[in-house]
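Structure, as structure tokens:
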Amino acid sequence: CTALKMLLVHRSIVDEFLTRFTAALEQLKIGMPWEKGVSITPLPGMHRTAYMTDAIDDAKAKGAQVVNHS
């Protein structure tokens, strides 16, 4: 898997980073891997989806914020 798992960003640039990063994400096409021009694809199985949902819920419970959604 080539997905980013964690990004460490210094707090002095985090606001600008998030603005630019989320803007760049919005430009990426979401779809199935065999579709032309797709950059973001589904997780490869329901167990992965459940794991990711649990990880996001855990992070939010500890104070994280979701800064982009599709």
Side-chain angles (χ1 to χ4, degrees):
C1 177
T2 60
L4 294 172
K5 307 297 189 273
M6 180 186 301
L7 297 172
L8 301 176
V9 180
H10 194 274
R11 67 177 52 127
S12 67
I13 62 167
V14 72
D15 292 332
E16 181 179 348
F17 173 82
L18 288 174
T19 298
R20 294 173 64 181
F21 185 71
T22 56
L25 282 176
E26 290 172 2
Q27 301 304 309
L28 298 177
K29 184 177 178 182
I30 299 170
M32 299 308 287
W34 53 82
E35 295 173 356
K36 186 175 181 171
V38 168
S39 298
I40 300 176
T41 60
L43 293 169
M46 291 304 292
H47 66 291
R48 299 281 189 211
T49 303
Y51 170 79
M52 187 58 67
T53 299
D54 289 345
I56 292 168
D57 290 344
D58 180 57
K60 288 174 18 181
K62 293 175 180 167
Q65 293 179 294
V66 175
V67 296
N68 74 312
H69 358 98
S70 296

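Just so it is clear, the values below take in all heavy atoms, side chains as well, and ignore hydrogens, waters and symmetry mates.
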I'd like a table of donor-acceptor pairs (distance under 3.5 Å, sequence neighbours excluded) in which one partner is a side-chain atom from residues 16-45, with atom names and distances.
unit_1	atom_1	unit_2	atom_2	d
Glu16	OE2	Arg20	NH1	3.2
Thr19	OG1	Asp15	O	3.0
Thr22	OG1	Leu18	O	2.7
Thr22	OG1	Thr19	O	3.3
Lys29	NZ	Lys36	O	3.0
Glu35	OE1	Met32	N	3.3

Exercise for review: Return each pair, listed once, that meets salt bridge (Lys or Arg N to Asp or Glu O under 4.0 Å) where at least one residue sits in residues 43-57; pairs must be two or more places apart or across chains.
Suggested key: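 Passing the test, one end in residues 43-57: no pairs.
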Review point. Which other residues end up in the same hydrophobic cluster as Met46, if Ile, Leu, Val, Met, Phe, Trp and Tyr are linked when side-chain heavy atoms come under 4.5 Å apart?
Key: none
Check your understanding: Taking only residues two or more places apart in sequence or in another chain, which ones pass side-chain hydrogen bond (donor to acceptor under 3.5 Å, both in side chains) with His47?
Key ->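 Partners of His47 by the side-chain hydrogen bond (donor to acceptor under 3.5 Å, both in side chains) criterion come out as none, since no residue qualifies.
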Exercise for review: List for me each residue that meets side-chain hydrogen bond (donor to acceptor under 3.5 Å, both in side chains) alongside Asp58, sequence neighbours excluded, and say none if there are none.
Suggested key: Lys62
